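The model shown is predicted, which means the values in this text are computed figures rather than measured ones. Heavy-atom basis, side chains included; hydrogens, waters and symmetry copies ignored. Each chain gets a letter, A, B and so on, in the order its sequence line appears, and its residues count up from 1.
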Amino acid sequence: MNDESSTDFIRDIINHDLETGRYDRVHTRFPPEPNGFLHIGHAKSICLNFGIAEEYGGKCNLRFDDTNPSTEEETYVQSIIEDVRWLGFDWEDRLFFASDYFDQMYEYAVQLVEKGRAYVDDLSAEEIRRYRGTLTQPGTNSPYRDRPVEGNLDLLERMKEGEFGDGEKVLRARIDMAHPNMNMRDPVMYRILRATHHRTGDRWCIYPTYDWAHGLEDSIEGITHSICTLEFENHRPLYDWFLDQLGVYRPRQIEFARLNLTYTVMSKRMLRSLVEGGQVSGWDDPRLPTIRGMRRRGYPPAAIRDFCQRIGVSKSESTIPMELLEHCVRDELNRTAPRYMGVLHPLKVILDNYPRDQVEYMGVENSPEDPAAGTRQVPFSRVLYIEREDFREHPPKKYYRLAPGREVRLKNAYLITCQEAIKEDGEVTALRCTVDPATRGGDAPDGRSVRATLHWVSAPHAVDAEVRLYQRLFTVEDPAGQGRDFKEHLNPHSLRTLTSCKVEPAVRELASVERFQFLRQGYFCVDPDTAGDHLIINQTVELRDTWARISRQMAKNR
RNA sequence: AGCCCCGUGGUGUAGUGGUCUAGCAUAAGAGACUCUGGAUCUCUUGGCGCCAGUUCGAAUCUGGCCGGGGCUGCCA
């Protein structure tokens with residue numbers, strides 16, 4: 001499918017590597033750190049890595065980068081596994097952990113020490129920082145930099161054996177303290193850290209830093225193309241240096257620009273802060289761009305994959321409009337979601353000329369996009385609910401829904417005419433209407449047409465539901481980049497809870513993962529908070545609303 | 001200030017010296033159709049950061065400039 005269309009710069013590089021024989025296969029990996037939940041930015045990386053492997057008939061590993069036990073936990077491992085799987089990808093038997101390679105990494109470190117390419121440093125963290133110099137000034141050599149190999153070997157061994165306190169010593173690469181690339185100024189390879197690791201327990205008290213470990217992990221697994229984000233570009237020379245010094249297999253690292261989305265935040269720190277600060281209900285709050293949040297919101301995995309495909313991949317930093325994600329969700333759901341009727345803001349309608357105790361069952365197609373989805377029977381009776389917005393006592397221009405004296409169609413039911421609005425204290429509380437019995441099913445025998453078709457729910461059959469409506473979490477496009485506390489830009493209306501919604505009975509039977517359309521309203525799904533009779537429904541995304549746009553324009557022109 | 005990266009319609013991407021009167025998607029605007037003011041269909045608006053150079057020919061190659069971003073954790 002990608003053959004006739006164009007490729008991105010990463011696939012160009014891979015094609016080139018395959019043609020020139022640098023590699024004869026493609027093996028990628030997705031390497032999350034188990035210290036948080038995955039979000040849409042990770043989805044981009046996941047789709048890239050697994051997608052490329054699939055396209056080239058290669059493999060993609062899922063590998064946890066668990067080199068820092070002080071922040072990492074087993075629960076994150078489980079949630080990440082779940083999320084990647086939910087997105088639709090499979091790593092077969094290739095689930096790995098950086099911690100699986102701790103012994104090997106230590107071996108490698110000993111080799112570097114033996115070659116005089118690494119040394120144990122007694123400087124404190126603070127001193128190391130000072131000795132590093134600045135962006136414009138070269139650093140200074142540590143007084144311990146020229147320790148003899150034997151001494152280093154001995155000290156490293158004793159670090160490992162736990163003879164020293166946390167932070168007392170580190171192992172450093174011996175490269176160049178004047179290097180213009182700060183990452184090459186003798187980076188730390190091992191730190192002493194007494195923390196229980198989620199997999200290795202208390203077996204180690206020294207842990208490899210990311211810079212030391214990451215390239216080794218890719219090398220050990222025989223990764224051909226290590227795809228990562230832009231901020232690691234300056235680290236690539238270091239990874240290559242380590243691998244070259246060791247004389248081991250070298251993957252090619254390719255960096256791409258991470259995803260930014262408007263009206264949300266993507267950094268782990270900010271997401272965590274929202275969760276812990278109680279601004280959202282948890283990591284799976286439907287307003288969050290986390291995989292779990294989007295899942296609970298009702299975003300289909302196929303839509304997320306489609307989105308990741310459409311945004312492409314490049315090295316230029318960009319921000320994608322949230323509208324594109326929503327477009328992808330609508331696009332997918334339009335094709336796949338069955339239609340139901342639900343009234344969010346109920347307005348009672350009494351059909352004066354309809355027999356009091358009569359109930360008819362109307363045949364309704366489940367999906368106009370998919371005839372194979374079949375039909376269902378929806379009860380219709382003398383008292384109904386329609387949407388409050390679908391009636392106006394004094395209809396504005398271009399509004400062609402219900403108004404006194406006006407005729408509209410009730411979807412798959414009858415044409416009705418509004419005779420009178422019943423008011424209490426100036427507010428419309430109910431409508432008295434009449435049906436044209438000759439229009440059962442929704443078609444008029446005389447061929448007359450009506451402009452509007454409304455959704456409805458039979459009052460005696462209606463099921464009560466709580467509906468949660470969501471809007472963007474922030475009021476500004478780039479809440480993280482405003483120079484102030486990003487929480488100042490939280491949208492106070494990001495969650496609106498409607499408690500007296502009336503939905504057709506069939507909705508009660510829907511399992512919590514199913515997604516559906518409420519006709520003319522948008523896409524929704526049942527929230528897992530649903531318990532017993534208390535039905536809770538999440539709004540996934542609104543339908544495109546032309547009338548809303550028209551009325552907005554009219555308001556502006558006035 | 002040193003090192004590294006990036007610069008194509010509003011947004012995101014394709015384009016690898018002629019076939020570029022610069023493609024696609026999205027957004028916006030207009031219309032058609034419709035038992036969802038949904039979907040679908042048609043049309044319209046809108047772009048190669050700048051300046052030199054190489055060349056018969058440059059979005060594409062070279063140089064300079066301008067603009068944006070990253071790098072000074074024992075985080076990843």
Side-chain angles (χ1 to χ4, degrees), chain A residues 5-8 12 31-33 35-36 65 67-68 70-72 121 123-126 128-130 132-139 166-172 178-185 187-193 206-207 209-211 213-214 228-237 255 257 262 268 309-321 323-324 327-328 330-331 334-335 339 341 364-365 368-369 398-401 408-413 415 441-443 449-455 517-523 542-551:
Chain A
S5 62
S6 53
T7 62
D8 50 70
D12 284 346
E33 186 193 11
N35 74 341
D65 218 318
T67 55
N68 187 357
S70 56
T71 57
E72 295 154 4
D121 198 348
L123 255 29
S124 69
E126 164 65 21
I128 287 180
R129 191 172 60 75
R130 273 210 310 275
R132 185 150 34 224
T134 68
L135 295 178
T136 49
Q137 293 166 310
D166 286 11
E168 228 174 273
K169 293 187 190 321
V170 292
L171 182 73
R172 289 231 257 169
H179 200 108
N181 181 343
M182 299 292 288
N183 298 123
M184 301 296 273
R185 320 248 258 230
V188 171
M189 295 164 61
Y190 274 101
R191 71 273 217 193
I192 302 173
L193 194 63
I206 58 171
Y207 290 95
T209 58
Y210 178 87
D211 274 348
H214 195 80
C228 65
T229 44
L230 250 29
E231 68 268 29
F232 296 107
E233 199 156 27
N234 290 333
H235 297 241
R236 189 177 58 218
E255 308 86 9
T262 56
K268 262 181 207 171
Q309 157 99 251
R310 289 197 205 209
I311 58 176
V313 53
S314 74
K315 297 191 74 156
S316 60
E317 305 211 34
S318 57
T319 303
I320 310 288
E323 290 79 3
L324 182 61
H327 168 82
C328 294
R330 285 195 195 98
D331 199 45
N334 174 52
R335 279 196 307 268
R339 271 65 166 172
M341 291 194 283
V364 177
E365 60 181 348
E369 300 294 318
K398 290 188 181 173
Y399 180 94
Y400 38 82
R401 273 113 99 151
V408 298
R409 174 187 296 110
L410 293 180
K411 174 81 179 171
N412 288 14
L415 266 44
D443 287 307
S449 69
V450 293
R451 291 298 290 272
T453 299
L454 311 185
H455 59 277
Q517 184 190 107
F518 270 148
L519 223 59
R520 305 206 303 137
Q521 300 283 333
Y523 297 97
E542 293 178 284
L543 246 31
R544 278 187 71 207
D545 191 343
T546 308
W547 165 245
R549 218 181 320 143
I550 291 170
S551 57

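Protein atom CZ of A/R339 is 8 Å distant from nucleotide atom C1' of B/A39, rounded to whole Å. Atom CG of A/L543 and atom C1' of B/U34 are 14 Å apart (whole Å). Across the protein-nucleic acid pair, A/R409 atom CZ and B/U36 atom P stand 7 Å apart, rounded to whole Å. Look at CG on A/D12: it is 14 Å from C1' on B/U60, rounded to the nearest Å. One atom, CD of A/Q521, and another, C1' of B/A39, lie 17 Å apart when rounded to the nearest Å. Distance CZ (A/R310) to P (B/A25): 9 Å, rounded to an integer number of Å.
When the P atom is compared between B/G68 and B/U55, the two are found 35 Å apart, to the nearest whole Å. Taking the P atom of each, B/G67 and B/C61 are spaced 23 Å apart, rounded to whole Å. Annotation: B/A39 and B/C33 have their C1' atoms spaced 11 Å apart (nearest Å).
One side chain, A/E231 or A/T229, offers a donor N or O that lies under 3.5 Å from an acceptor on the other. Between the side chains of A/S318 and A/S316, no donor-acceptor pair is found at a separation under 3.5 Å.
The side chain of A/S314 places no N or O atom within less than 4.0 Å of a non-bridging phosphate oxygen (OP1 or OP2) of B/G12. Considering only side-chain N and O atoms, A/R330 lies nowhere under 4.0 angstrom from the phosphate OP1 or OP2 of B/G38. Proximity of A/T453 to the phosphate of B/U36: no side-chain N or O atom is located under 4.0 Å from OP1 or OP2. Contact between the side-chain N/O atoms of A/H455 and the OP1/OP2 oxygens of B/U36 is not found at any separation under 4.0 Å. Between B/G12 and A/T319, no contact under 4.0 Å exists linking OP1 or OP2 to a side-chain N or O. Taking side-chain N and O atoms only, A/R185 has no distance below 4.0 Å to OP1 or OP2 of B/C3.
Among the heavy atoms of the strands, none lies under 4.0 Å from A/Y523. Nucleic acid contact for A/L454: none, since no nucleic acid atom lies under 4.0 Å from a heavy atom of the residue. Looking at heavy-atom distances under 4.0 Å, A/Y207 makes no contact with the nucleic acid at all. A/K411 comes within 4.0 angstrom of a base, heavy atoms only. Residue A/L519 is in base contact, counting any heavy-atom pair closer than 4.0 Å across all strands shown. Nucleic acid contact for A/E255: none, since no nucleic acid atom lies under 4.0 Å from a heavy atom of the residue. Nucleic acid contact for A/T136: base, since at least one base atom lies under 4.0 Å from a heavy atom of the residue.
In this structure, of B/A39, B/C6, B/G37, it is B/C6 that holds the atom nearest to the side chain of A/S316.
Every residue was checked against the salt bridge (Lys or Arg N to Asp or Glu O under 4.0 Å) condition with A/R132, not counting sequence neighbours, and none meets it. In this view, A/T319 satisfies the side-chain hydrogen bond (donor to acceptor under 3.5 Å, both in side chains) rule with no residue, not counting sequence neighbours.
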In the 5'-to-3' direction, what one-character label does each nucleotide of nucleotides 69-76 of chain B receive under the scheme B = base within less than 4.0 Å of a protein heavy atom, S = sugar-phosphate only, - = no such atom? SBBBSBSB

